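The block underneath contains the structure these notes are about, expressed in structure tokens.
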Amino acid sequence: MDYFLTARLPFSLTSVIRSHGWFQLLPFAVPEDASSLEYILELSSGKVVRLTFREADGGANLTISEEMEAVDLEEVQAAAAWMLELDFDLSSFYAIAQDERKLAHAETNARGRILRCATIFEDVVKTILTTNTSWGGTKRMVRGLVEKYGAALASDPEQKAFPTASQLAKANVEALRQECKLGYRAPYVLELAQKQTLGEIDLEALKTNHPPTPELRKQLLALKGIGDYAAANLLMILGRYDYIPIDSWALSMVSKEWHAGEPIGRAEVEAAFERWGEWRGIAYWLWDWSAS
DNA sequence: GGTAGACCTGGACGC
DNA sequence: GCGTCCAGGTCTACC
């Protein structure tokens, strides 16, 4: 089943895919020829499908692996629109970025959208798994969760969706710690899954609720395992660019760019991008760090 | 509000 | 092959 997804222009599927490392984490996959983006999705009906996105003029083409009923199709299309931020309006950012040499590529290459997972729960879990570890460690932990707890695609049981909150809520800390190698993050992920399942938190409501960014940040920081860096990262995924995800890499790059490699702190990173206001996060993210 | 130490894993390094 | 050190953010206890 093939569908065309209309996007607000400018749009580039490649730019969305390459916006950050999510495409390297299961259940995302990019084939060797890099011609598409695949994602295994479990629908609320329990049906598991493979979505394949391909570049197309004015948007993206979507191929769904299975035949499905109208209600499932509606859910898939809503998920796809959310994941690719099809309707995201970056025009005011492009307007102020066009005069900055280090950001001139942004509009030209339709950059600024951040690839999302189908659920905010999945984005939060993955963000927790990026903290205090190497990228290889993150990939390993995510793979462990998907392979152990994810629902399988009927036509290819090797391919699995990311586990839902209710699936993960049934796990125990030791299994997450030992078998999925989550280490000290295991209780954070388990608590998140249990709270989401019990309705004590409702992460998916953030797709439609739009609290002011400081309040949203406060909500994210209240989640165990989410600190300043992780909250800023999630805010960017949610389309809020007011905060910069300051990690060791950010400190290093800003130091080289403006402080001759001298040790700096968070304040210097924030000061460097202060002038970009509500767009400072994406200005930092898209900044051309190559030597000029 | 700021700081120190613990948390956990894998990779780099020296022996 | 083994042991040690370090990097990577967040949490908690303490001041």
Side-chain angles (χ1 to χ4, degrees), chain A residues 19-26 114 116-117 120-149 163 165 168 171-196 200-201 203 206 213-238 240-257 259 261-274 280-282 284-285 287 289:
Chain A
S19 56
H20 62 150
W22 258 209
F23 73 94
Q24 297 176 12
L25 300 178
L26 292 176
I114 306 288
R116 298 161 163 165
C117 300
I120 296 177
F121 171 75
E122 183 178 335
D123 280 320
V124 174
V125 171
K126 285 178 171 173
T127 298
I128 290 173
L129 302 187
T130 65
T131 59
N132 204 24
T133 187
S134 63
W135 183 242
T138 300
K139 289 200 280 189
R140 217 169 5 253
M141 288 184 263
V142 171
R143 190 188 318 125
L145 291 181
V146 170
E147 291 179 350
K148 183 166 175 62
Y149 299 102
L168 274 185
N172 65 71
V173 171
E174 278 314 300
L176 294 175
R177 195 187 289 270
Q178 301 299 330
E179 297 173 26
C180 302
K181 300 292 182 189
L182 265 59
Y184 70 92
R185 304 168 195 81
Y188 300 158
V189 170
L190 185 59
E191 181 180 312
L192 183 79
Q194 290 173 338
K195 283 188 170 177
Q196 175 77 6
E200 294 177 16
I201 56 173
L203 295 171
L206 297 176
T213 305
E215 187 183 319
L216 180 54
R217 178 172 177 269
K218 206 171 170 182
Q219 289 181 33
L220 294 170
L221 287 171
L223 303 172
K224 282 279 183 63
I226 301 294
D228 284 334
Y229 161 78
N233 196 59
L234 281 166
L235 284 172
M236 286 190 42
I237 287 172
L238 292 170
R240 310 293 185 94
Y241 294 147
D242 313 51
Y243 293 87
I244 300 170
I246 302 174
D247 56 6
S248 53
W249 188 85
L251 294 170
S252 166
M253 298 311 288
V254 170
S255 169
K256 286 177 189 166
E257 185 86 352
H259 298 276
E262 292 296 311
I264 61 168
R266 297 178 55 87
E268 285 79 5
V269 177
E270 285 163 359
F273 289 93
E274 186 61 34
R280 61 177 80 97
I282 198 64
Y284 155 76
W285 199 249
W287 198 258
W289 299 103

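Quantities reported herein were computed from a predicted structural model and do not represent experimental measurements. Here is how names work: the chains are called A, B, and so on, in the same order as the sequence lines, proteins then strands, and each is numbered from 1.
Annotation: salt bridge (charged side-chain N to carboxylate O under 4.0 Å, His left out) contacts of A:E257 (sequence neighbours excluded): A:K102.
As a whole-Å value, the separation of A:N132 CG from B:dG10 C1' is 12 Å. Put simply, CZ on A:R266 is 14 Å from C1' on B:dG1, counting in whole angstrom units. The interatomic distance linking A:Y188 (OH) with C:dT10 (C1') rounds to 6 Å, in whole Å. A:L129 has its CG atom 15 Å from the C1' atom of B:dC7, to the nearest Å. Rounded to a whole Å, the CH2 atom of A:W135 is 15 Å from the P atom of B:dG11. Rounding to whole angstrom units, CG of residue A:L182 and C1' of C:dT10 are separated by 15 Å. What separates OH of A:Y229 from P of C:dA7 is a distance of 18 Å, to the nearest Å. Remark: C1' of B:dT9 and CG of A:L176 are 16 Å apart, rounded to the nearest angstrom.
Using a 4.0 Å heavy-atom distance criterion, A:I226 is classed as a sugar-phosphate-only contact. Using a 4.0 Å heavy-atom criterion, one finds that A:L223 contacts the sugar-phosphate atoms exclusively. Within the 4.0 angstrom heavy-atom criterion, no nucleotide atom of any strand lies near A:G137.
Side-chain nitrogen and oxygen atoms of A:R140 include none within less than 4.0 Å of the OP1 or OP2 phosphate oxygen of B:dT9. In this model, the phosphate group of C:dA7 is not approached by any side-chain N or O of A:S248 to a distance below 4.0 Å at OP1 or OP2.
The closest donor-acceptor contact from the side chain of A:Q196 to the backbone of A:L203 lies under 3.5 Å.
At a cut-off of 3.5 angstrom, the base of C:dG9 holds at least one donor-acceptor pair with the side chain of A:Y184.
The two residues A:L26 and A:K126 have their closest heavy-atom pair at O-NZ, 3.0 Å.
Nearest nucleotide to the A:K181 side chain, out of B:dG10, C:dG8, C:dT10: B:dG10. Nearest nucleotide to the side chain of A:K224, out of C:dC11, B:dG11, C:dG9: C:dC11. Nearest nucleotide to the side chain of A:R185, out of C:dG9, B:dG11, C:dG8: C:dG8.
Salt bridge annotation for A:R177-A:E174: present, with a cationic side-chain nitrogen under 4.0 angstrom from a carboxylate oxygen.
Aromatic ring orientation, A:F273 versus A:W289: perpendicular (interplanar angle above 60°, classes split at 30° and 60°).
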